[in-house]
Trainee: 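First, the structure itself, so that you have it in front of you.
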Protein chains: 2
Amino acid sequence: MVDASVLSDAFAEAGYRLTAQRRALAALIARRDGHFTAEDLLVESRRRRLGVGRATIFRSLDVLAELGLIERLDLPSGGHAFVACRAAHHHHLVCSSCGRTTDIAATGLAAILRDVGTRTGYRIDAHRLEVFGLCPACQARPRGG
Amino acid sequence: MVDASVLSDAFAEAGYRLTAQRRALAALIARRDGHFTAEDLLVESRRRRLGVGRATIFRSLDVLAELGLIERLDLPSGGHAFVACRAAHHHHLVCSSCGRTTDIAATGLAAILRDVGTRTGYRIDAHRLEVFGLCPACQARPRGG
DNA sequence: GTTTTTGCAAACCATTTGCAGGGTC
DNA sequence: GACCCTGCAAATGGTTTGCAAAAAC
C-alpha cells in the first residue's frame, strides 16, 4: 500500500506527463492492498467510470514497473499480477488465499547469491524471490474462500 | 540434463500411457542443456519429423511439470520456459545470454524463509527463487549475441 | 474392448499496436 | 503550439479446447 501521490509524482519526476488517466490509475493502485492484475484495474476503471482504457492501463503499468514503483509477479498459477512497492529492493510475500502482499527483506540472500556466483563462476546480475503462504488473517479464518 | 528414460519412465509410473509422442518428447527434453520453450520443442519435432503436435507438447509439459520432472520458469522478459530437473528441490541459475541452466542449492534459504515466517506470521508453503546472470563461457566470449 | 491420447484447427485470453484526436507542458 | 498520451478496435502470440480417429492397456 503506497500513497497515490507518490505514484503520480513519479510520472512527473520521470518526465512523463501527468494526465487524468495516470492520476486515476495511481489512486486505483494506491488503494490496493494485495496484488492486482491489469484486468482488475480495467474492471474497476469501468465500474467507476474513470474512463481509462485497456491500452492505457497496460502502458502505465509498464512505466510504473520501469520506474520500480510496482513489480510484476508471476503467480504459481502462471498468471501475472502487480504489486505496489516502496523499498529499493525487496521481495514479495504473497498470501495464497487473499492475495495480500507483504514486502520482505530477505536478509542473507545477498550472501547466498554471492556464494552461488563464486561456486558457479556466473556473474550474477538479477534474481527474483517470491514467497507464497497463508497470512495470519487467513490462517485464523475457518478455511475456504 | 537428465536421462530420457527417467522422463519416459515417469509417465508410466504415474499411470500415464507410454506413447511414441511422449517418448519422443522425453528424448527431446533430455538432450536440452538449458531452458527451452514449448515452441522450441514444436519446431524441433517438426524439423525431425517426430510427429508430435502442438497440443500434445503443451499437455505433456503440463504432466511433467505436475510430476516435478521439469519446472516452469518465468523469464524476466515475461516469457515462459521449462527446465529439466532432478533434485527434489532446488533453484535455477539461468544464463541471460545463452540460456544454459544450472541447478543451485541455495543453502541458507530455508533459514531465511523460516525467519520470514516468524517475523510476518505467515505460514509459508511455497517459494520460488530464480537467479539470472552470465555464465563463465559467455563472460569469456567477446560479447554479443 | 475400453479408456486414454492424439492432431487438427478453431477458440481463447491477455497483451500490444497503429492511428487520429485531445490534453499537457 | 509542439509533442506526448489516449482510446479504439484490430492484430498478435502463446496456450487451451472439442471432437473423432488411433493407440495403449
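None of the values given here were measured: they were computed from a predicted structure. What's counted below: heavy atoms across the whole structure, side chains too, no hydrogens, waters or symmetry copies.
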Trainee: At less than 3.5 Å, do the side-chain atoms of R59(A) and the base atoms of dC5(D) form a donor-acceptor pair?
Mentor: no

Trainee: Tell me the interatomic distance from F58(B), atom CZ, to dT5(C), atom C1', rounded to whole angstroms.
Mentor: 17 Å

Trainee: Any idea how F11(A) and Y16(A) line up, ring-wise: parallel (<30°), tilted (30 to 60°), or perpendicular (>60°)?
Mentor: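 Judged by the thresholds at 30° and 60°, the geometry between F11(A) and Y16(A) is perpendicular.
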
Trainee: Can you find a side chain N or O atom of H80(A) that sits less than 4.0 Å from OP1 or OP2 on dT15(C)?
Mentor: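 So the side-chain polar atoms of H80(A) do come within 4.0 Å of the phosphate oxygens OP1 or OP2 of dT15(C), strictly under.
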
Trainee: Quick test of your reading of the model: are E44(B) and R49(B) salt-bridged, counting only N-O distances below 4.0 Å?
Mentor: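 No, this pair does not count.
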
Trainee: Are I70(A) and V63(A) linked, directly or through intermediate hydrophobic residues, by side-chain heavy-atom contacts shorter than 4.5 Å (ILVMFWY only)?
Mentor: yes

Trainee: How long is the line joining CZ of R46(B) and P of dT6(C), in whole Å?
Mentor: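 So the two atoms are 16 Å apart, to the nearest Å.
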
Trainee: Rounded to the Å, how far apart are L61(A) CG and dT15(C) C1'?
Mentor: 11 Å

Trainee: Rounded to whole angstrom units, what separation is found between the CD1 atom of I57(A) and the P atom of dA14(C)?
Mentor: 13 Å

Trainee: dT24(C) P sits how many Å from R23(A) CZ, rounded?
Mentor: 8 Å

Trainee: Taking for each residue the nucleotide of DNA chain D bearing the nearest heavy atom, is the 5' side occupied by T37(B) or by A55(A)?
Mentor: A55(A)

Trainee: In terms of the nearest nucleotide of DNA chain C, which residue is placed more toward the 5' end: G53(B) or R17(B)?
Mentor: R17(B)

Trainee: Under 6.0 Å between the ring centres of H91(B) and H127(B)?
Mentor: yes

Trainee: In whole Å, I'd like the distance from the CD atom of Q21(B) to the C1' atom of dT5(C).
Mentor: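 Spelled out: CD on Q21(B) to C1' on dT5(C) is 8 Å.
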
Trainee: More 5' along DNA chain D: A12(B) or R72(B), using each one's nearest nucleotide?
Mentor: R72(B)

Trainee: Give G51(B) one of three labels, base, sugar-phosphate or nothing, depending on what nucleic acid heavy atoms sit under 4.0 Å from its own.
Mentor: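 Sugar-phosphate: the residue G51(B), judged by heavy atoms under 4.0 Å, touches backbone atoms but no base.
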
Trainee: CZ of R54(A) versus P of dT16(C): gap in Å, rounded?
Mentor: 12 Å

Trainee: Report the distance from atom CZ of F11(B) to atom P of dT3(C), rounded to the nearest whole Å.
Mentor: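 Nearest whole value for this atom pair: 22 Å.
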
Trainee: How about H35(B) and H80(B): are their ring centres within less than 6.0 Å of each other?
Mentor: no

